[in-house]
*Asks:* 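Got a structure here, written out as structure tokens. Questions coming.
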Amino acid sequence: MTDLDRVIHEPGRLLIVALLAAVKEADFLWIQRESELTKGNLSSHLSKLEEAGYVEIEKTYRGKVPLTLLRLTRHGKAAFDSYRRSMNGLLARTAARP
Amino acid sequence: MQYPNLDDIGRRPQQYWNVDGLPEVIMGLLWMLWGGAWLFGETLPHDWRWNLYWMFTPLVLVLTGCAAVWATKWLKARYTFPRTGYVDWKEPSRATRLAAGGLALVTAMILVTILRAGGDARQHTAPVLGVILSLAFVVASIRQRAPHLLALAGVALALGVALGSVGGGWTTANWLFVWLGAASAVVGVVRLARFIRKHPRPSLGEA
């Protein structure tokens with residue numbers, strides 16, 4: 001359990017990272033809709049993920065509409081893959097116990 | 001908050017592709033165009049017009065296939081992304097591309113075999129195509145959790161059987177494309193209208 005990445009292990013952040021791992025990039029609106037997190041909650045989780053270097057946040061415009069683009073960094077992708085492997089190993093060990 | 005199911009989350013972008021009905025509209029129009037182009041070509045007299053038409057049409061049809069993906073993304077950028085969010089999808093993996101290419105090749109080989117056999121075998125072109133398209137819709141429906149695609153699977157099967165009873169080989173297969181395309185476009189337009197009604201554009205500054 002101590003091997004698990006605490007930044008990703010939090011359910012809200014895990015959801016965000018898993019969603020971003022499945023796309024090239026997405027905007028704040030899509031992640032918010034899919035995660036069903038509030039704007040404030042999502043912003044707070046994104047700040048933590050950005051601090052850890054897992055997520056890249058780009059503020060831009062689509063026409064006159066402000067757009068927040070989010071993408072997983074290479075570091076974030078590696079952390080997510082490693083988390084998945086650790087979690088699967090943990091579950092396999094738990095299932096194998098008599 | 002419950003721990004998320006990572007496999008389920010991995011499928012969300014694929015499901016999002018089908019959220020608005022636009023892929024069904026474009027696919028439907030494309031099939032109508034393909035079927036219609038072949039049917040029109042068959043009505044031409046076998047002179048310079050026939051040669052000219054069949055010199056360019058296959059290339060144009062291939063190009064429309066490529067343009068369809070571009071058109072779907074362009075329409076999504078205009079109608080879907082401002083309402084429910086922007087996503088840039090990952091390119092399909094090499095294994096997925098190979099599987100899709102293999103399936104298309106097998107389908108083409110089955111159809112060519114039936115058409116070359118001649119006689120009674122040609123009558124089975126539309127039913128066989130109907131079954132293949134119906135199965136493709138069922139698989140897409142399960143993978144993308146899109147129950148409306150099951151309705152199109154039923155339409156493909158019913159059209160295949162109905163047109164098979166009329167006979168006519170490749171011509172009826174093209175009519176199958178035209179009618180199935182029309183059904184797909186109608187389903188898509190209904191879903192698009194519902195999507196636009198359900199998701200009004202957020203006001204400036206909300207994206």
Side-chain angles (χ1 to χ4, degrees), chain A residues 1 4-5 8-39 41-45 56-72 77 79-88 90-91, chain B residues 1-23 69-70 72-97 143-146 191 194-207:
Chain A
M1 192 71 181
L4 289 177
D5 184 331
I8 292 185
H9 190 57
E10 199 285 328
R13 286 196 287 275
L14 177 58
L15 186 53
I16 296 165
V17 170
L19 283 168
L20 287 175
V23 296
K24 268 194 210 166
E25 61 178 15
D27 70 356
F28 189 93
L29 179 62
W30 186 73
I31 296 288
Q32 196 198 342
R33 271 176 46 84
E34 292 293 329
S35 65
E36 295 177 350
L37 293 166
T38 62
K39 270 187 187 178
N41 218 343
L42 177 57
S43 296
S44 147
H45 283 315
E56 203 176 284
I57 302 176
E58 185 189 337
K59 305 250 181 199
T60 179
Y61 284 87
R62 189 199 293 128
K64 289 178 182 173
V65 183
L67 184 71
T68 306
L69 287 177
L70 311 166
R71 60 186 82 89
L72 212 57
K77 173 89 175 72
F80 178 61
D81 289 343
S82 162
Y83 175 86
R84 272 194 101 149
R85 275 196 302 275
S86 306
M87 207 59 177
N88 287 339
L90 196 71
L91 291 172
Chain B
M1 188 170 192
Q2 267 198 331
Y3 263 87
N5 178 339
L6 299 182
D7 293 329
D8 177 55
I9 293 168
R11 279 192 290 268
R12 300 264 192 97
Q14 213 178 7
Q15 291 163 17
Y16 188 59
W17 177 258
N18 262 326
V19 76
D20 48 19
L22 280 171
V69 178
W70 176 84
T72 309
K73 287 187 174 172
W74 185 81
L75 287 167
K76 278 182 180 290
R78 217 173 152 80
Y79 296 103
T80 313
F81 297 158
R83 289 176 165 84
T84 49
Y86 159 80
V87 166
D88 190 1
W89 287 270
K90 279 185 171 174
E91 298 296 327
S93 66
R94 204 171 159 203
T96 309
R97 279 169 198 242
R143 281 176 64 94
Q144 298 173 12
R145 299 207 178 152
R191 295 191 71 241
R194 202 179 294 166
F195 173 81
I196 287 174
R197 227 181 10 251
K198 196 175 165 191
H199 303 282
R201 256 175 201 264
S203 53
L204 203 70
E206 283 183 38

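Within every chain, numbering begins at 1; the chains are lettered A, B, ... in the order of the sequence lines, protein sequences first and strands thereafter.
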*Asks:* Quick check for you: to the nearest 0.5 Å, what is the distance between Ile9(B) atom CD1 and Leu14(A) atom CG?
*Replies:* 6.5 Å
*Asks:* Name the region of Arg11(B), side chain, backbone, both or neither, that has any atom closer than 4.5 Å to a heavy atom of chain A.
*Replies:* neither
*Asks:* Could you check whether atom CD of Glu36(A) has more than 12 heavy atoms from other residues, nucleotides or ligands sitting under 6.0 Å from it?
*Replies:* no
*Asks:* Sort Leu69(A) into side chain, backbone, both or neither according to what part of it lies under 4.5 angstrom from a heavy atom of chain B.
*Replies:* side chain
*Asks:* Heavy-atom distance under 4.5 Å to chain B: side chain of Arg71(A), backbone, both or neither?
*Replies:* neither
*Asks:* Using every non-hydrogen atom in the two residues, find where Trp30(A) and Val87(B) come nearest and quote the distance to one decimal.
*Replies:* CD2-CG2, 3.2 Å
*Asks:* Decide if atom CZ of Phe195(B) counts as having more than 12 heavy atoms of other residues, nucleotides or ligands within a radius under 6.0 Å.
*Replies:* yes
*Asks:* Is any side-chain heavy atom of Leu6(B) less than 4.5 Å from a side-chain heavy atom of Phe80(A)?
*Replies:* yes
*Asks:* Quick one: closest heavy-atom pair of Ala22(A) and Gly10(B), and the distance?
*Replies:* CB-O, 3.9 Å
*Asks:* For Asp8(B), is it the side chain, the backbone, both or neither that has a heavy atom under 4.5 Å from a heavy atom of chain A?
*Replies:* neither
*Asks:* Between Asp88(B) (side chain) and Lys24(A) (backbone), is there a donor-acceptor pair under 3.5 Å?
*Replies:* no
*Asks:* From Leu67(A) CG over to Phe81(B) CZ, what is the distance, rounded to the nearest 0.5 angstrom?
*Replies:* 10.5 Å
*Asks:* Using modelled atom types and a 3.5 Å cut-off, is there a donor and acceptor pairing between side-chain atoms of Arg12(B) and backbone atoms of Glu34(A)?
*Replies:* yes
*Asks:* Testing the basics here: between Pro82(B) and Leu29(A), what is the closest heavy-atom pair and its distance to 0.1 Å?
*Replies:* O-CD2, 4.0 Å
*Asks:* Any sub-3.5 Å donor-acceptor pair from Lys90(B)'s side-chain atoms to Ala21(A)'s backbone N or O?
*Replies:* yes
